[in-house]
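Keep in mind it's a predicted model, so treat the numbers as computed, not measured.
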Amino acid sequence: MVVIPARGGSKGIIGKNLRPVGGRALIVRAVQAARAAACVDLVLVSTDDAAIGAAATAAGAVLVERPAEISGDRASSEAAVLHALDVLEAGGRALPDVVVLMQCTSPFTTGPDIDALIAAMDERKAACALSVVEDHGFLWGLDDQGFGVGVNHDHTGRRRMRQELPPQFRENGALYAMRVAPFRASGNRFCGPAVPVPMAAPHIEIDEEADLLLCDAMATVLDRPRLPPHVRIQVVVTDFDGVHTDDRVLVDQDGREAVFCSRSDGMGVEMLRRAGFQVLILSKERNPVVTARARKLQVPCLQGIEDKLGALSAWLAERNLGWDSVAYLGNDINDAACLNAAGLAVVPADAHRAVRAGALVLKQNGGHGAIRALAEFLLEHRPTTRAGTQEH
């Protein structure tokens, strides 16, 4: 479980938690990152602000209304997490063994960062863990007379290289994980033996407007997904329900079914076909609406398929294609085997948490432009020859 404290008031930056970085509010970025973690089954946002609450719930979090007595400038993050646990327990839900405190002000935290934090704590059987940045710098302090003095080195005769210093870490304020029992007993995020877990991504904690501007500029690069250099995609395979559709179905009084599809996604399929990609719809659904949509998009369709992995393996073998040439876009547990086998696993933003780990998580939901987003990503990342022409 992840708890994200997000007060409405902020002295340094007005409305900070709703300010955008890379086109997404800080609270939305935090919720989406938490939901992308494989080990997280619940994301709570503790706030006293209605607008933050609305943005958080729209992103998939569960709202905890924070009382005024723990919403002021001096209120601790621990107080917000303890209150969230109390609310959860009062609602009759079993408390988790571990709770993660996640801060909105670290906009480049990822789901794998959370997974790594929990894994390190479990491996060491620690009471808590914290995200850190490795620091190889020479630290200085002041002596009694106000002159500089080396803290972790002898500045009067320094012969060591920076890399030769003993390992040291700087707390970056992004993530803290705590065992619930000792945390509730102590009220302190450092509730026992702690494991520092380095985060590899660039880290800036947003405290001032300048930090916000810098992070927004960095997001134009850091938010762009990258295709692994060894992957050469030739085939795009998509599930139907939850990918071409928003996973809902309209049923009339006679039992006839209809779905909503996106014209933008239709254009995405056309872009892929024109660029030379093979496109296939692979669906467990037996309703003829799948066939009708495939015919409209001018792509082949395999439907009513219980064993997707077996059916797709046979389809690829008939065409002398390997799984490493496949980009597979699915959204639920019946897509897991194909996602694990594909050269590129892709899921919409609202995909089930069981299939998100290790996948490229799109910003678009199923039925709302996910296929178009994948098409644009693949076209942008097509390899080029030395002459500059595109190839597959």
Among L88, L42, D41, find the one that has a side chain to side chain contact (heavy atoms under 4.5 Å, CB included) with P96.
L88
Side-chain donor-acceptor pair under 3.5 Å between E78 and Y176, yes or no?
no
Do M199 and T110 have side chains that get closer than 4.5 Å, going by heavy atoms?
no
Any donor-acceptor pair under 3.5 Å linking the side chain of D143 with the backbone of V149?
no
What I want to find out is whether D48 reaches R7 closely enough, with some N-O distance under 4.0 Å, to be called a salt bridge.
no
Can you confirm whether C215 sits close enough to I206 that some side-chain heavy atom of one is under 4.5 Å from a side-chain heavy atom of the other?
yes
D239 with K284: basic N within carboxylate O range, under 4.0 Å
no
So do Q103 and S77 actually touch side chain to side chain, heavy atoms under 4.5 Å?
yes
L344 side, atom CG; L339 side, atom CG - distance, nearest 0.5 Å:
9.5 Å
Could you tell me whether R179 and D122 have a side-chain N and a carboxylate O separated by less than 4.0 Å?
yes
Separation of E270 CD from R273 CZ (nearest 0.5 Å):
6.0 Å
Keeping the roles fixed (side chain from E205, backbone from S106), state whether a donor-acceptor pair exists under 3.5 Å.
no
Taking the side chain as C-beta and beyond, is there a heavy-atom pair between T105 and D207 under 4.5 Å?
no
Pairwise side-chain contact, L302 with L282, heavy-atom cut-off 4.5 Å (strictly under)
yes
Strictly distance-based, threshold 3.5 Å: is any side-chain N or O of R35 a donor or acceptor partner for the main-chain N or O of A59?
yes
Under the 3.5 angstrom rule, does the side chain of R293 hit a backbone N or O of L297 as a donor-acceptor pair?
no
Side chains of T238 and H244: does their closest heavy-atom pair fall under 4.5 Å?
yes
Donor-acceptor pair, D254 side chain versus R256 backbone, under 3.5 Å?
no
Would a distance-only check, ignoring hydrogens and angles, find a side-chain to backbone donor-acceptor pair under 3.5 Å from D115 to C39?
yes
Whether Q364 side chain and I371 backbone form a donor-acceptor pair below 3.5 Å
no
With sequence neighbours left out, what residues match R24 under salt bridge (charged side-chain N to carboxylate O under 4.0 Å, His left out)?
D223
Whether the side chain of D332 engages the backbone of N334 through a donor-acceptor N/O pair (distance < 3.5 Å, no angle test) should be reported.
no
Any heavy-atom pair between the side chains of N365 and D246 that's under 4.5 Å?
no
Tell me whether N331 contacts the main-chain N or O of D350 through its side chain, where contact means a donor paired with an acceptor under 3.5 Å.
no
Before giving the answer on side chain to side chain contact (heavy atoms under 4.5 Å, CB included), spell out for M271 and E376 the whole-Å C-alpha distance, their side-chain angles and the decisive distance to 0.1 Å.
CA-CA 8 Å; M271 291 163 59; E376 292 176 346; 3.9 Å; yes
